[in-house]
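Letters go in sequence order (proteins before strands), and every chain restarts at 1. All values below were derived from every heavy atom in this structure, side-chain atoms included, with hydrogens, water molecules and symmetry-related copies excluded.
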There are 2 protein chains.
Amino acid sequence: MKEFTGARVGCFCCLATGVPEPVALPESSGKAPEPTLSRLSFYLRSLRRLVKEGVKTISSAKMAGRCGVSAVQIRKDLSYFGEFGRPGIGYDVQHLLARLTEIMQLDHQHRVVIVGAGNLGSALAGYSGFVLSPFQVVGIFDNNFSKIGRRLWDLEILDAHHLPEVNRELRANIGMITVPADAAQEAADLLVKAGVRAILNFAPVMIVVPPDIALRNVDLTRELEVLCYYINRLPAPPE
Amino acid sequence: MKEFTGARVGCFCCLATGVPEPVALPESSGKAPEPTLSRLSFYLRSLRRLVKEGVKTISSAKMAGRCGVSAVQIRKDLSYFGEFGRPGIGYDVQHLLARLTEIMQLDHQHRVVIVGAGNLGSALAGYSGFVLSPFQVVGIFDNNFSKIGRRLWDLEILDAHHLPEVNRELRANIGMITVPADAAQEAADLLVKAGVRAILNFAPVMIVVPPDIALRNVDLTRELEVLCYYINRLPAPPE
DNA sequence: TAGATTGTTAATCGATTAACAATC
DNA sequence: TAGATTGTTAATCGATTAACAATC
């Protein structure tokens with residue numbers, strides 16, 4: 001019977017449990033709960049827009065209105081990482097953006113490899129949201145001979161078995177798994193061998209990785225199934 | 001300032017808050033927490049495999065081993081919906097599978113439309129995981145004239161503006177949004193007008209829908225950003 | 001100074017876990 | 001009957017929210 005021992009990051013609705021304590025790193029003295037980290041990413045998105053809008057300063061209350069989160073929640077979330085605001089004034093948008101970007105380690109590029117050059121893998125390889133983002137897809141792999149060697153966007157599909165060696169050159173620190181369920185663990189093992197520090201798994205199956213590898217799951221089927229549960233179980237608008 | 005009023009289903013890490021109380025439907029007398037529903041989907045996956053393996057009966061403890069969830073958690077989760085096991089024996093796999101399938105409303109087909117025929121939309125339209133599943137993609141829409149009319153798999157890409165009318169024929173009850181962020185709300189409005197009961201949003205932006213429409217978000221960027229936070233913050237293996 | 005707003009401590013809420021009586 | 005295992009009640013844990021002193 002296989003037990004889960006790998007590091008899983010996030011709530012169970014993301015197919016992950018057991019939030020591991022963040023370990024010494026300048027920014028994280030305390031141990032922020034996972035929901036906080038998830039919201040941090042959301043605040044970042046909001047802050048980036050605020051910068052574009054030319055807003056210089058924002059209060060937690062105004063931010064709350066934009067994010068659909070309470071103002072206390074925001075202040076509490078930020079308090080895990082330091083004091084960023086000024087009483088009576090609010091937060092300097094530029095400054096907060098810079099600090100949160102650092103904390104989330106988004107201040108440097110992350111090189112991503114994709115294992116599985118099917119529909120989803122191909123789509124992700126060409127995801128336009130990655131341009132101007134800290135994420136850069138530097139390689140895509142498959143174990144299907146009919147796919148290996150083919151070009152995809154500006155990449156050549158490489159043999160998944162060579163991933164560990166090839167990544168010495170590619171230097172990717174994040175891997176995305178877009179293979180069928182029964183190949184997902186193998187893909188994960190290859191990524192771990194290749195030395196990635198984080199894995200985003202799209203295969204509809206649990207995978208096991210060492211505890212120092214961050215793992216999150218995106219599970220389309222699960223999302224749809226939970227949606228189905230709520231169909232016709234949600235209260236109608238108050239009218 | 002736009003406030004969130006729509007129905008959002010799931011924890012914040014799925015970009016959703018405010019779990020609405022499930023309303024009268026035979027199966028749900030109580031109000032199961034959202035994490036429970038998410039796990040239910042997971043138990044279902046496990047049960048389907050057990051059936052294939054020919055396992056007739058399973059205890060919560062054995063199930064726990066397979067799912068990476070505690071046995072009490074499983075029993076508690078199930079208890080929101082009824083008594084499915086026999087003390088001293090365990091659960092009849094077939095029976096539990098059937099009951100959970102009903103509860104999640106997966107005992108009938110769900111027709112899905114996709115708004116956004118870009119990389120991701122196209123990939124989802126051809127997702128092989130949907131064959132033999134209760135989900136069937138019956139239409140794909142876009143508002144880009146260069147795409148409208150083109151064939152994708154066995155579907156023709158239709159004009160998104162016609163979605164509400166076309167869906168009278170298509171009869172989809174689930175919509176997936178795979179358009180860029182700035183078109184997502186418009187897509188959502190069209191889906192609501194078309195009468196879908198549930199929306200899965202892949203656009204990296206919050207959308208607002210009436211409270212009786214179930215909404216979940218899949219947010220690639222957020223997942224990657226949270227992963228980045230954990231990079232080098234996870235404790236190394238105990239060795 | 002008065003008003004606004006932060007960061008934090010304490011209270012609340014909700015979900016998970018432990019303990020155990022019921023029952024096959 | 002004894003052993004296994006369920007379903008549930010009570011205890012625990014963790015995250016959110018309320019209250020408020022500090023400070024711009």
Legend entry - Test side chain to side chain contact (heavy atoms under 4.5 Å, CB included) applied to B/Ala172 - qualifying residues, sequence neighbours left out: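 Counting only residues at least two positions away or on another chain, B/Ala172 forms a side chain to side chain contact (heavy atoms under 4.5 Å, CB included) with B/Arg111, B/Val113, B/Val138, B/Asn167.
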Inset, instruction - Check side chain to side chain contact (heavy atoms under 4.5 Å, CB included) between A/Leu190 and all other residues, then give those that pass, not counting sequence neighbours. - result: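 Counting only residues at least two positions away or on another chain, A/Leu190 forms a side chain to side chain contact (heavy atoms under 4.5 Å, CB included) with A/Ala160, A/Leu163, A/Pro164.
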For [X] and [N], what is the distance between atoms [atom1] and [atom2] respectively, to the nearest whole Å?
{"X": "B/Ile58", "N": "D/dA4", "atom1": "CD1", "atom2": "C1'", "answer": "15 Å"}
{"X": "A/Arg39", "N": "D/dG14", "atom1": "CZ", "atom2": "C1'", "answer": "12 Å"}
{"X": "B/Ile74", "N": "D/dT8", "atom1": "CD1", "atom2": "P", "answer": "16 Å"}
{"X": "A/Leu78", "N": "D/dA15", "atom1": "CG", "atom2": "P", "answer": "16 Å"}
{"X": "A/Phe81", "N": "C/dG7", "atom1": "CZ", "atom2": "P", "answer": "14 Å"}
{"X": "B/Arg99", "N": "D/dT6", "atom1": "CZ", "atom2": "P", "answer": "18 Å"}
{"X": "A/Glu83", "N": "C/dT8", "atom1": "CD", "atom2": "C1'", "answer": "9 Å"}
{"X": "B/Glu34", "N": "D/dT16", "atom1": "CD", "atom2": "P", "answer": "14 Å"}

Is [X] close enough to [N] that one of its side-chain N or O atoms is under 4.0 Å from OP1 or OP2 there?
{"X": "B/Ser60", "N": "D/dT5", "result": "no"}
{"X": "A/Ser70", "N": "D/dT17", "result": "yes"}
{"X": "B/Tyr91", "N": "D/dG7", "result": "yes"}
{"X": "A/Gln73", "N": "D/dT17", "result": "yes"}

Inset, instruction - Would you indicate what A/Thr36 reaches in the nucleic acid, counting non-hydrogen atoms under 4.0 angstrom: base, sugar-phosphate, or nothing? - result: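 Since no nucleic acid heavy atom lies under 4.0 Å of A/Thr36, the category is nothing.
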I'd like a table of donor-acceptor pairs (distance under 3.5 Å, sequence neighbours excluded) in which one partner is a side-chain atom from residues 69-77 of chain B, with atom names and distances.
from	atom 1	to	atom 2	distance (Å)
B/Ser70	OG	B/Gln73	N	3.0
B/Gln73	OE1	B/Arg39	NH2	2.9
B/Arg75	NH1	B/Ser60	OG	3.0
B/Asp77	OD1	B/Thr36	OG1	2.8
B/Asp77	OD1	B/Arg39	NH2	2.9
B/Asp77	OD2	B/Arg39	NE	2.6
B/Asp77	OD2	B/Arg39	NH2	3.4
B/Asp77	OD2	B/Tyr43	OH	2.6

Legend entry - Given DNA chain D, 5'-ward residue of the pair B/Ala71 and A/Lys76, judged by closest heavy atom: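 The 5'-side residue here is B/Ala71.
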Legend entry - Helical stems, DNA chain C - three or more consecutive Watson-Crick or G-U wobble pairs below 3.5 Å: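 Stems (3+ consecutive pairs) listed as C:3-24 with D:3-24.
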Inset, instruction - Find the distance between CZ (B/Arg222) and CZ (A/Arg216) and round it off to the nearest 0.5 Å. - result: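 That separation rounds to 8.5 Å.
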Please list each protein N or O that sits under 3.5 Å from an N or O in nucleotides 19-24 of chain D, with the distance.
from	atom 1	to	atom 2	distance (Å)
D/dC24	O4'	A/Pro87	O	3.3
D/dC24	O3'	A/Arg86	NH1	3.1

Legend entry - Closest nucleotide among C/dT6, D/dA15, C/dT17 to the A/Pro33 side chain: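 For the A/Pro33 side chain, the nearest candidate turns out to be D/dA15.
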Look only at the side chain of [X] and the backbone of [Y], and say whether a donor-acceptor pair between them is shorter than 3.5 Å.
{"X": "A/Arg197", "Y": "A/Asp212", "result": "yes"}
{"X": "B/Asn201", "Y": "B/Val205", "result": "yes"}
{"X": "B/Thr178", "Y": "B/Gly116", "result": "yes"}
{"X": "B/Arg233", "Y": "B/Tyr229", "result": "yes"}

Inset, instruction - Using the test ring pair (Phe, Tyr, Trp, His ring centres under 6.0 Å), find all partners of B/Phe130 that sit at least two apart in sequence or belong to another chain. - result: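 Ring pair (Phe, Tyr, Trp, His ring centres under 6.0 Å) list for B/Phe130, sorted by chain: B/Tyr127.
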